[in-house]
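Read through the structure below, which is laid out as C-alpha cells, and then see the notes.
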Protein chains: 2
Amino acid sequence: MLRQLIPRATTYKQSSKFVAAWASPRFYSIKAESASTAQLHELDASKLTITKTTTPKELVPPSELVFGRTFTDHMLSIEWTASEGWLAPRITPYQNLSLDPASCVFHYAFECFEGMKAYKDSKGQVRLFRPDKNMERMNKSTSRIALPNFDRASMIDLLSKFAALEERFIPSAKGYSLYLRPTMIGTQRTLGVGPPGSALLYVIASPVGPYYPTGFKAVSLEATDYAVRAWPGGVGDKKLGANYAPCIVPQMEAAKRGFHQNLWLFGEEEYVTEVGTMNMFVALKNKETGQKELVTAPLDGTILEGVTRDSVLSLAREKLIPQGWKISERKYTMPELAEAASEGRLLEAFGSGTAAVVSPVRNISYKGQLVECGLKPGEEAGEIATSMLRWIEARQYGDEEHDWSYVVPN
Amino acid sequence: MLRQLIPRATTYKQSSKFVAAWASPRFYSIKAESASTAQLHELDASKLTITKTTTPKELVPPSELVFGRTFTDHMLSIEWTASEGWLAPRITPYQNLSLDPASCVFHYAFECFEGMKAYKDSKGQVRLFRPDKNMERMNKSTSRIALPNFDRASMIDLLSKFAALEERFIPSAKGYSLYLRPTMIGTQRTLGVGPPGSALLYVIASPVGPYYPTGFKAVSLEATDYAVRAWPGGVGDKKLGANYAPCIVPQMEAAKRGFHQNLWLFGEEEYVTEVGTMNMFVALKNKETGQKELVTAPLDGTILEGVTRDSVLSLAREKLIPQGWKISERKYTMPELAEAASEGRLLEAFGSGTAAVVSPVRNISYKGQLVECGLKPGEEAGEIATSMLRWIEARQYGDEEHDWSYVVPN
C-alpha cells in the first residue's frame, strides 16, 4: 500500500484543486498565494503622517515610574493587508484599538512583540540601542506565525521619529529610558484558522526608571521541573505572545514558595535554559585547569535570541578573553551547576534582558536544596554582572561611542 | 555550597519580602494573593441584562454560509476584575472591543477559547451538545494561564439564553448549526508580565452549514517532521490561542506541496499525535489475531482533550466493542501505520473535531512515500467515520434522546 510520491510539480498542480476545496473560505479567507501575486506596498517611512495630541499628558515624576504602566502621548501604527501590503504609517494620539471580537489576535495568538529602549545621552541626544537586532528578530517572529515582514531600515527610521517626538518623556539621568514596545497583531475578522489577511504593527512607549534604583538586588530562583517553556521544533526562540502566558503559573508557584523567579530546565539531563523571561549566564571555574568560563545556553531553538544576551557575549569576548576567560555557548545542566557550587567553582550567575540588563542570582532551589551561586553574604552582584551593566550602559547612553548606539536625528 | 532548603513556612514568611521587592508593580500590578483575600463575585446568570439590537441583520442564505465569517446580531460578555470578581453578564448588539494597546492579550497571549454548537431539532427546539465538557475544558485552559475560573452551570445557563435569543440564525436543516465561540482574554493594561488583573469572557456566534455539503471528502495529509506542536510539560492539551498561530506555517507548507493538512508527529519514535487542529483516529487490524482496533493517542499532555474525541471513544465503546472491536487510547507511530498500510491492515483513518465531526483521511505523505489509509479509489469515507458522523449527529440534533444533548429552555 506504499507508493512513491508523485513528483512535486505534478503534485502541486493537482494540489491546487485540493487546496481550493479544502482551503476554501471555510478555512482561509485569504489564499496563501495572494500575498505573492499582487504588487504589494513596502513599508514606507516617507509616508508618515503625524497627528499630535491636543491634550499632552503631565510627566510622571521619575521616582514614581513603573515599568509598562504609563505611556507617552502618542503611538505609531501601520496597517497591513494581504492585498495592498503596508499602508501609510501614522503617529496619532495614544488611543484604544477598536477590533472586531472575531479578530484572529483574540483567538489564535497572532501576535509578537519587541522590547527596546531609547536613552538620552549627556548632550541631550536621543539614542536607540541596537535597533537593527530588534527589527531583525521581529521579522523572524512574524514569519513564524504567518504575519508580514517589513523593511528594517524603514522601521528604524519610524521608531526614531517616534522617539524624537516623545523626547520629553525620557528623563535625563543614567538608568532612565523610554521603553519602546513594537507589537504586531493579526486583525482579520474570521474564526477560520489560517494566515491573517490583515495585520497591525504598532508601537507604544513607556518611560522607565532604573531597574535597581538603590543598586543590585540578587534574586532567588526555583528550578521548575514540572513545566517546560520551549522545546526543539517549537517556537521558544521567537518573541511570540504565545511564549509568555504559559510562564505565569510556574512563576506564581515559585513566588508562593518564596522565590523571585523560576528557572526553566529542559529534558532528563535538566539543561538550564532561561530564567523567567531572561537569558541565563553562569561563570564557572574549570575543575581541572582552573580557567574561568562564562557560559550560556546555545541558540538551539529553545532559547530566545536576546539582544542583551548577544551584547553580553560580545563584550565578554572583547574584554574577558584577554583576561584568560573562556566564553561558551554550550549546553549545561543543573547537576553540573550543583556540583560546581559544592566545590566552590560556581563564581556567579545572572539573567540578561532589556529591562534589567543583568539580574544577579543569589541561589537556585533545586530538588529541595539551595544551590548557592557564588555571592558572599550581603553581596548583591558578582564581578561580571557588575562589569557588564557598566559596559553595556556606557554604550546605551553614549558615554562610549559605539556602533551599537544609534543616534536619533533631530 | 549546597545546603538544605529552609522549611517552607519560614521560607514563605521570608519570601513575602522577596516577593514584595521583586513582584512590586514593576512586575505585577496585581499581587497574586489579592484574588484570594477579597470577597469576589461569582458568575451570576440571574444578573444578565439584554440590550437588543435595533438593526437586525439579514440572514445569509444557508448555502452561502462560511465558517466563522458572519455573526449573529448580539454577543454575550462578562467582565472580571481581580478585586471584584465577575461583574453582571450582558447581552448587547455585536460590537467591536475597544482595548488599550497595552492590554496584555495583545502582548502575552492571555487568551483561550472553546468551539461548540447549537442545533435545531425536528421540533424546532434549540439544543447544545455536551456544553458541560466545553465549560470544564475552558476552566482548565483559563487556570493554566492565570485567567479566572467561572461556575460552569451559570455559564451554560447564559449560553442557553444567548442561543435562544439568536435562534433565528440556526437553519432548520440537518448539518446546519450555530457555532458558539466562548473566548476569554486578559485585559489588564500594563506591559508587566504577570497574572492579569482583569479579563473579559465573551461569546460570539456564527451560523454554519454542513462541513461536507455534498458528502465526505477524504483529505491528504503531510506528516510534519520539522516542527513540533506540543511537548510534555507544555500547554498543547489546553485550548489556548498560543497553540494555534504556530500551526499555520506548517499547514501552509503542507498545502504548498498539495496536501490539505499536516499531521503532527512527536519524537524520534514518530508518534502520531494530531491532524491540523483535530484529534486523529486510526482503525487497524491486528497482525496476529485479526481483531479490529480503533486507536487514538492518549491524553498525555500533548493531546487536546477533544469533546468529539471523547464522543467518538464513548460511541466506539458502546457500539463497536459488542462487534468485537478493541478501543485503545495508546501511543502509535507513523512506522506502525506505514507497516499496517503495506500489509493491508490499516482499515481507515480520520480526524475528529467540532467543525467536521469526523474528517476521513485518504493518505499520508511520510518520508517521500504516500501511506494509503484504507479507502478504495473513489471512496471518500470508511465505515467507522461514516457511522460515527451518523451516531453523533443523531444525538446532536436530538433524533436520539441522550444526555449529551442539552435542550435550551424556551
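Computation of the quantities below employed the complete heavy-atom set of this structure, encompassing side-chain atoms and omitting hydrogens, waters and symmetry-equivalent molecules. The chains referred to below are lettered A, B, ... by the order of the sequence lines, with proteins before strands, and numbering in each begins at 1. If you're wondering where the values come from, they're calculated on a predicted model, not measured in any experiment.
Ranking A:Ala355, A:Ala227, A:Cys247 against chain B, the residue ahead of the rest is A:Ala227, based on heavy-atom pairs under 4.5 Å. The greatest number of non-hydrogen atom pairs below 4.5 Å with chain A, out of B:Leu240, B:Ile204, B:Leu147, is found for B:Ile204. In terms of heavy-atom pairs under 4.5 angstrom with chain B, the leader among A:Thr70, A:Thr183, A:Asp225 is A:Thr183. In terms of heavy-atom pairs under 4.5 Å with chain A, the best-connected choice from B:Pro246, B:Ala242, B:Gly234 is B:Pro246. The most heavy-atom pairs under 4.5 Å with chain A, out of B:Val249, B:Leu200, B:Asp100, B:Ile145, come from B:Asp100. In terms of heavy-atom pairs under 4.5 Å with chain A, the best-connected choice from B:Tyr366, B:Tyr244, B:Tyr108 is B:Tyr108.
The shortest heavy-atom contact between B:Ile248 and A:Phe110 is CG1-CZ, 3.5 Å. Residues B:Phe67 and A:Thr190 approach most closely at O-OG1, 4.1 Å, considering heavy atoms. Minimum interatomic distance between B:Pro101 and A:Asn96 (heavy atoms only, all atoms of both residues): CD-CA, 4.1 Å. In plain terms, the two heavy atoms of B:His107 and A:Arg181 that are nearest each other are ND1-NH1, 3.1 Å.
Partners of A:Tyr94 under the ring pair (Phe, Tyr, Trp, His ring centres under 6.0 Å) rule, at least two apart in sequence or in another chain, are A:Phe71. Every residue was checked against the ring pair (Phe, Tyr, Trp, His ring centres under 6.0 Å) condition with B:Tyr202, not counting sequence neighbours, and none meets it.
The closest side-chain heavy-atom distance from B:Trp231 to A:Pro232 is below 4.5 Å. Between B:Phe113 and A:Leu191 the shortest side-chain heavy-atom distance does not fall below 4.5 Å.
With a 4.5 angstrom heavy-atom cutoff, A:Val235 touches chain B only via side-chain atoms. Contact annotation for A:Met184: neither backbone nor side-chain heavy atoms come within less than 4.5 Å of a heavy atom of chain B. Of the atoms belonging to A:Leu97, heavy atoms from both backbone and side chain fall under 4.5 Å from chain B. In this structure, the portion of A:Ser143 lying under 4.5 Å from any heavy atom of chain B is its backbone and not its side chain.
For the atom pair CG of A:Leu99 and CG of B:Leu99, the computed distance is 7.0 Å after rounding to the nearest 0.5 Å. From B:Phe106, atom CZ reaches atom SG of A:Cys112 across 14.0 Å, with rounding to the nearest 0.5 Å.
Remark: side-chain polar atoms of A:Glu111 are paired, donor with acceptor, to backbone N or O of B:Ala109 under 3.5 angstrom.
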